[in-house]
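Since we're looking at a predicted model, the values are computed, not measured. All residue numbers refer to positions in the sequence shown, counting from 1.
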Amino acid sequence: MEIRPVRYDHPDAVRLDREVQQEYARRYGGDGDATPLDPEMFVPPNGLYLIAYEDGTPLATGGWRVQEDTAEGYAPGDAEIKRMFVVPGARGRGLARRILAALEADARAAGRIRMVLETGSKQPEAIALYASSGYATVPKFGYYRGYESSLCMGKPLVTDA
């Protein structure tokens with residue numbers, strides 16, 4: 001298994017994004033996640049998008065982007081996780097945890113001080129992953145901050161020594 005940086009508009013990323021949107025639609029109804037995203041948001045040093053491959057097959061994705069819009073509830077120094085997803089046949093193998101760790105390390109190296117994410121109440125697997133990785137509930141932010149099913153979590157990327 002190999003984790004590679006790709007552009008958010010790479011064909012494999014586009015295909016996996018369609019799959020995660022279908023998953024959101026199944027769990028929450030509607031058309032999926034309407035959060036506005038642009039491929040440029042994931043270009044270093046202001047972000048990164050990763051895909052885990054096995055034998056050339058894309059199995060998992062995740063990205064981070066700089067997000068500091070205080071009007072939407074973010075804080076200076078925030079890095080936001082987006083589009084964490086593992087295809088159903090590859091779940092339970094630790095791929096999401098590996099991508100999450102790589103994203104945290106990259107955001108930390110880029111000078112970000114807190115990693116934040118938004119997930120939903122109908123994604124217990126995601127909530128468990130983040131909680132077991134040191135994330136805690138934080139005040140809501142972002143596009144879905146007004147939705148009851150939204151759950152926002154954060155984790156410091158730097159510690160005071």
- Task: Flag this pair as yes if the NZ/CZ of Arg83 is under 6.0 angstrom from the six-membered ring centre of Tyr49 and inside a 45 degree cone about the axis; otherwise no.
- Result: no
- Same apolar cluster: Val20 and Val14, side chain cutoff 4.5 Å: no
- Using a strict cut-off of less than 4.0 Å between a Lys/Arg side-chain nitrogen and an Asp/Glu carboxylate oxygen, indicate whether Arg112 and Glu68 qualify as a salt bridge. yes
- Check whether more than 12 heavy atoms from other residues, nucleotides or ligands sit under 6.0 Å from atom CD of Glu148, and answer yes or no. no
- Under 6.0 Å from the CG atom of Asp38, do we count more than 12 heavy atoms belonging to anything else shown? yes
- Report yes if the side chains of Phe141 and Asp78 come closer than 4.5 Å at any heavy-atom pair, otherwise no. no
- Query: Do the side chains of Leu95 and Ile3 join up, straight or via other hydrophobic residues, at under 4.5 Å, putting them in one cluster?
  - Reply: yes
- Message: Closer than 4.0 angstrom, basic N to acidic O: yes or no for Arg98 and Glu54?
- Response: no
- Could Arg7 and Glu40 be called an ion pair, given the rule that one side-chain N must be under 4.0 Å from one carboxylate O? yes
- Message: Using the rule that Ile, Leu, Val, Met, Phe, Trp and Tyr join whenever any side-chain heavy atoms are under 4.5 Å apart, tell me whether Tyr74 and Tyr144 fall into a single cluster.
- Response: no
- Query: Going by distance alone, is a donor N or O of one side chain under 3.5 Å from an acceptor N or O of the other, for Thr35 and Asp33?
  - Reply: yes
- Mind checking whether Lys122 and Ser149 have side chains closer than 4.5 Å, heavy atoms only? no
- Item | Polar side chain donor-acceptor pair, Asp17 to Tyr8, under 3.5 angstrom | yes
- Task: Please answer: with hydrophobic residues joined when any side-chain heavy atoms are less than 4.5 Å apart, are Val116 and Tyr135 in the same cluster?
- Result: no
- Determine whether Tyr24 and Ile127 fall in the same hydrophobic cluster, where Ile, Leu, Val, Met, Phe, Trp and Tyr are linked whenever their side-chain heavy atoms lie under 4.5 Å apart. yes
- Message: Could you check whether any side-chain heavy atom of Leu151 comes within less than 4.5 Å of a side-chain heavy atom of Tyr130, counting everything from C-beta outward?
- Response: no
